[in-house]
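Structure first, commentary second.
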Amino acid sequence: MGSGRREIEVMANLLSSNDIQAEVNRAHFRKNNCLAINVIGSPGAGKTTLLEKSLPLLKDELHVGVIEGDIFTSKDADRISVHQIPVIQINTGGGCHLDSKMVSKVLPQYDWKALNLMIIENVGNLVCPADFDLGEAFKVIVLSIVEGDDKPSKYPVIFRNAKAVVLNKMDLEKLTDVNMETMKQDIRAINPGIAIFEVSCRNGSGLKEWTSWLTQEVKAYQRIN
Ligand SMILES: Nc1nc2c(ncn2[C@@H]2O[C@H](COP(=O)(O)OP(=O)(O)OP(=O)(O)O)[C@@H](O)[C@H]2O)c(=O)[nH]1
Ligand SMILES: [Mg+2]
C-alpha cells in the first residue's frame with residue numbers, strides 16, 4: 001500500500017517536470033512561428049511512410065523539419081533524410097516514448113528561421129506517448145486499419161487528446177474484416193471534433209486531403225501566433 005502510493009507520487013512528479021519543459025518547448029515553437037505536431041501510433045502503423053509520402057506534397061508551400069523518435073537505430077531518420085530536409089534521430093535507449101527534455105536537447109540544432117512545420121514522430125506505441133506532452137501544438141494519430149476496428153475504444157486516451165487521426169493502409173480494407181463505420185463512430189464517440197483521414201500510403205489515396213488540412217493548420221497557427 002505504502003510503496004504503491006510512492007510509485008504514484010514518482011509518476012506525478014515525472015509528469016509535472018515533463019509538463020514544465022513542454023511549456024518551454026511550446027514557447028520556443030511559438031517564438032519561431034513553427035507549428036509542431038506529435039505523431040503517435042503503434043509500431044508499423046505507417047508513421048514514417050506517411051511522412052515520406054507527405055513531404056513531397058508539403059514542400060511546395062511549407063518548410064518542414066522532422067524529429068524522429070525510436071528506441072534504437074536511425075533507420076527512420078535515414079529514410080527521411082533522402083528528402084533533403086533537416087532531420088534528427090532521438091534514440092530513447094529503451095524508453096517507450098519521447099519526453100519533452102529529449103526534444104529540448106535537439107532543438108538548438110535546427111535553423112528555426114527556415115522552418116514553419118516541425119513533425120515529431122514518436123516511438124511506436126499507442127499508449128505511453130499519450131501521457132507525455134512534448135510542447136507540440138497538437139497530436140496526430142496514425143492507426144493502420146489492419147490493427148482492428150476495436151482499437152479506438154480499447155485505447156481511448158490518445159484519441160481523446162488528438163486533433164487528427166490518419167486511418168492508414170486503406171488499400172488493405174478488402175483483405176481484412178475491419179468495419180470502417182464502427183471504427184469511425186467509435187473515434188467520434190471519444191472525440192467528436194477530431195479530423196479523420198482515410199489514407200493509403202501504398203496507392204496515395206487520401207494523401208492530398210491530409211496534406212491540405214495540415215497546410216491549412218500551419219497557416220492558421222501563423223495567423224494567430
Ligand atoms: N499496404 C500498405 N502498407 C503500408 C502502408 N503504409 C505503410 N505501409 C508499410 O507498413 C510497414 C511499416 O511502415 P513504417 O512507416 O515503417 O511504420 P512506422 O509506424 O513508422 O513504424 P515504427 O517507426 O517502427 O513505429 C512498411 O513495410 C510500410 O511499407 C499502406 O498504406 N499500405
Ligand atoms: Mg517509423
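Owing to the predicted nature of the structure, the values given are computational and were not obtained by experimental measurement. Excluded from the calculations below are hydrogen atoms, water molecules and symmetry mates; all remaining heavy atoms, backbone and side chain alike, are included. Every number for a ligand or one of its atoms is a count from 1 in the order of the listing.
Smallest separation of non-hydrogen atoms from E173 and I145: CA-CD1, 3.7 Å. Scanning both residues, L126 and G41, for their nearest heavy atoms gives CD1-CA, 4.0 Å. Closest approach of V64 and I85 over heavy atoms only: O-CB, 3.6 Å.
Looking at G46 next to ligand 1, an N or O pair under 3.5 Å apart turns up. Distances between N or O atoms of V199 and those of ligand 1 include no value under 3.5 Å. Residue contacts with ligand 1: L172 is placed with no nitrogen or oxygen under 3.5 Å of a nitrogen or oxygen of the ligand (distance criterion only). For ligand 1, none of its N or O atoms has an N or O atom of G41 under 3.5 Å away.
Summarising the local packing, NZ of K53 is surrounded by 12 or fewer heavy atoms from other residues, nucleotides or ligands at distances under 6.0 Å. Remark: K59 NZ is packed, more than 12 non-hydrogen atoms of other residues, nucleotides or ligands lying under 6.0 Å away.
Residue-level check: among N/O/S atoms of E121, OE2 sits closest to the Mg ion (ligand 2).
Applying the 4.0 Å criterion to heavy atoms of K47 picks out, from ligand 1, the atoms 15 (O), 17 (O), 18 (P), 19 (O), 20 (O), 21 (O), 22 (P), 25 (O). Residue C201 has at least one heavy-atom neighbour below 4.0 Å for each of these atoms of ligand 1: 6 (N), 30 (C), 31 (O). Residue contact check: S200 has heavy atoms under 4.0 Å from atoms 31 (O) of ligand 1. Listed by number with element, the atoms of ligand 1 under 4.0 Å from a non-hydrogen atom of D76 are 23 (O). Per-residue contacts place D171 under 4.0 angstrom from the following atoms of ligand 1 (heavy atoms of the residue considered): 1 (N), 2 (C), 30 (C), 31 (O), 32 (N). Each of the following atoms of ligand 1 lies closer than 4.0 Å to a heavy atom of G124: 25 (O). The atoms of ligand 1 that sit less than 4.0 Å from any heavy atom of S42 are 19 (O), 25 (O).
The Mg ion (ligand 2) lies under 2.8 Å from an N, O or S atom belonging to T48. Because the distance cut-off is set at 2.8 Å, D76 qualifies as a neighbour of the Mg ion (ligand 2) through one of its N, O or S atoms.
Put simply, part of E121 is less than 4.0 Å from ligand 1, judged by heavy atoms. Proximity of E52 to ligand 1 is not established, as no heavy-atom distance is less than 4.0 Å.
Under the 4.0 Å distance rule, the nearest protein heavy atom to atom 20 (O) of ligand 1 falls inside the cut-off. Under the 4.0 Å distance rule, the nearest protein heavy atom to atom 12 (C) of ligand 1 falls inside the cut-off.
Taking the side chain as every heavy atom from C-beta outward, W210 and L58 never approach each other to under 4.5 Å. Using a 4.5 Å heavy-atom cutoff, the side chains of D70 and T92 are not in contact.
V157 and F132 end up in different hydrophobic clusters when Ile, Leu, Val, Met, Phe, Trp and Tyr side chains are linked at under 4.5 Å.
Between P129 and the choices N122, L98, I158, the side-chain contact (heavy atoms from CB on, under 4.5 Å) rule is met once, by N122.
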